[in-house]
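Presented below is the structure to which this report refers.
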Protein chains: 2
Amino acid sequence: MQLQFTAQHVAEATDYEEIKVGCSMGGLLEVLTRPWTLHILWLLSRNGPMRFGALRRAVEGISARLLTVRLRTLEERGFVERSVRPTNPPEVTYIPTPRLADMNLFMEQLHKLSDKWQAEDVLKHTKPHVS
Amino acid sequence: MQLQFTAQHVAEATDYEEIKVGCSMGGLLEVLTRPWTLHILWLLSRNGPMRFGALRRAVEGISARLLTVRLRTLEERGFVERSVRPTNPPEVTYIPTPRLADMNLFMEQLHKLSDKWQAEDVLKHTKPHVS
DNA sequence: CAGTATCCGCCGGGATACTG
DNA sequence: CAGTATCCCGGCGGATACTG
C-alpha cells in the first residue's frame with residue numbers, strides 16, 4: 001500500500017471501527033501464534049520430515065506433552081501428516097504437506113526481513129549519535 | 001541475538017521467556033506471536049493510521065492495558081510510530097512505518113492462503129465421500 | 001480520550017510417572 | 001520410542017479504579 005503517511009492521514013484516522021480481522025485469517029492466526037507452533041512449522045518446512053524425538057530435541061525447551069498437542073492441531077489443520085511405522089520401538093514421522101510448503105514461501109520472506117531489520121537495529125544501536 | 005529494550009514498568013507484567021531459535025527469526029517470532037500482536041499489525045497495515053480507541057474497538061476483546069503494552073513493544077521494534085496531539089482530550093494515533101509495510105506483503109499472502117485453505121476445508125467437509 | 005496502577009483468578013503448560 | 005495421565009504452580013491478562 002502506501003509507505004508514507006502525512007499529518008493529514010493522522011488527522012483523518014478516525015472511524016475505522018467497522019473493519020475487523022477477517023474470519024479465516026483470525027482463526028489461522030490464533031492457531032499459528034500459539035507458543036512453539038511457528039517454531040515447529042519453521043523446522044519442518046526447512047528440514048523436511050522429522051521424527052517425534054528429533055523434533056523434540058530441535059525445539060529446545062518444549063515438553064513432550066505440548067509438542068504432542070501442537071502436532072495434533074497441525075495435523076487437523078492439514079500442515080503435517082502423521083506417519084506411523086508400528087515397529088518396536090515405534091517410529092512416528094511428521095511430514096510437511098503441500099499446505100506447509102505454501103507457508104514456507106513467506107516464512108522465508110519473513111526470515112529475510114528479520115535479518116535485514118536486525119542489521120538495521122544493530123547499526124542504529126552502535127551509532128546512536130550522528131557525528 | 002536479541003536487542004535489549006527496556007520498558008520495565010510496562011513490560012514486566014508481560015515478560016515472556018525467550019524462545020530459542022538461534023537466529024534473528026527467533027526474537028521476531030517471539031514478539032509477533034504474543035497474543036493480539038499480529039491482529040494489531042494486520043489492522044494497522046490494512047487501515048493505515050488508527051487512534052487508540054479505534055484500535056481498541058477493532059481488536060475485539062483486548063483490554064486497554066494489554067493494548068498499551070503491545071503497542072509499546074511494536075513502537076520499540078519499529079513497526080509503528082506513536083503520534084500525540086496534546087489537545088484536550090488528547091489524541092494519540094498509531095502510524096504504520098515502512099517496516100510494517102514490508103510485513104504487509106506477506107500478511108496479505110497469508111490472508112490469501114487462509115481463504116484458500118478455508119475453502120478447501122469447507123469442500124472437504126461438505127463432500128466427505130468421493131463419488 | 002488515552003492511558004496507568006493494583007489486584008487477583010484462571011489455566012496453559014511444565015514435571016513426573018507410567019504404558020504399548 | 002512415542003506418547004498419555006495426573007497434578008500443580010506461575011504469571012498472563014482481565015477487571016476495576018483512578019489520572020492528566
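Protein chains get the first letters and strands the later ones, always in sequence-line order, with residue 1 at the start of each. Since the structure is predicted, the reported quantities are computational estimates derived from the model, not experimental observations. Note that these values count all heavy atoms, side chains included, but never hydrogens, waters or copies made by symmetry.
Checked against salt bridge (Lys or Arg N to Asp or Glu O under 4.0 Å), B/Lys116 has the following partners two or more places apart in sequence or in another chain: A/Asp102. Legend: residues meeting salt bridge (Lys or Arg N to Asp or Glu O under 4.0 Å) with A/Glu76, ordered by chain and number and at least two apart, are absent. Under the rule for a side chain to side chain contact (heavy atoms under 4.5 Å, CB included), the partners of B/Ser114 that lie at least two apart in sequence or sit in another chain are A/Ser24, A/Met25, A/Leu28, B/His111. Under the rule for a salt bridge (Lys or Arg N to Asp or Glu O under 4.0 Å), A/Arg70 has no partner lying at least two apart in sequence or in another chain. Residues forming a salt bridge (Lys or Arg N to Asp or Glu O under 4.0 Å) with B/Glu81 (at least two apart in sequence, or on another chain): none.
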Exercise. Summarise protein proximity over nucleotides 14-20 of chain C in one line of letters, 5' to 3': B for base, S for sugar-phosphate only, - for none, counting protein heavy atoms closer than 4.0 Å.
Key: BB----B
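The CG-P distance, from A/Leu71 to D/dG3, rounds to 8 Å in whole Å. We find that CZ of A/Phe52 is positioned 6 Å from C1' of D/dA2, with the value rounded to whole Å. Taking atom CD on A/Glu91 and atom P on D/dA2, their separation rounds to 7 Å, with Å as the unit. Distance CD1 (A/Ile40) to P (C/dG13): 11 Å, rounded to an integer number of Å. Whole-Å rounding puts the A/Leu67 CG to C/dG12 C1' distance at 16 Å.
Linking ILVMFWY side-chain heavy atoms closer than 4.5 Å, directly or via other members, places A/Leu29 and A/Phe106 in a single hydrophobic cluster.
Counting only residues at least two apart or on different chains, the ring-ring contact (aromatic ring centres under 6.0 Å, His included) pairs with a member in residues 71-104 of chain B are A/Trp117-B/Phe79. Residue pairs meeting the ring-ring contact (aromatic ring centres under 6.0 Å, His included) criterion with at least one partner in residues 54-76 of chain A, sequence neighbours excluded, are absent.
DNA chain D is contacted by A/Arg82 of residues 80-88 of chain A, taking any non-hydrogen atom closer than 4.0 Å.
Closest to the side chain of A/Arg70, out of C/dG13, D/dT4, C/dC1, is C/dG13.
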For residues 62-69 of chain A, dump all side-chain donor-acceptor pairs below 3.5 Å to protein atoms at least two apart in sequence or in another chain.
unit_1, atom_1, unit_2, atom_2, d
A/Ser63, OG, A/Leu66, N, 3.3
A/Thr68, OG1, A/Ala64, O, 2.8

Donor-acceptor contacts under 3.5 Å from residues 43-53 of chain A side chains, at least two apart:
unit_1, atom_1, unit_2, atom_2, d
A/Ser45, OG, A/Leu41, O, 3.1
A/Ser45, OG, A/Trp42, O, 3.2
A/Ser45, OG, A/Asn104, OD1, 3.1
A/Arg46, NE, A/Glu108, OE2, 3.2
A/Arg46, NH2, A/Glu108, OE1, 3.4
A/Arg46, NH2, A/Glu108, OE2, 3.4

Quiz prompt | Secondary structure of DNA chain D in dot-bracket form (Watson-Crick or G-U wobble, distances below 3.5 Å, | marking inter-strand pairs) | solution = ||||||||||||||||||||
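Between B/Pro96 and B/Leu100, the closest heavy-atom pair is CB-CD2, 3.6 Å.
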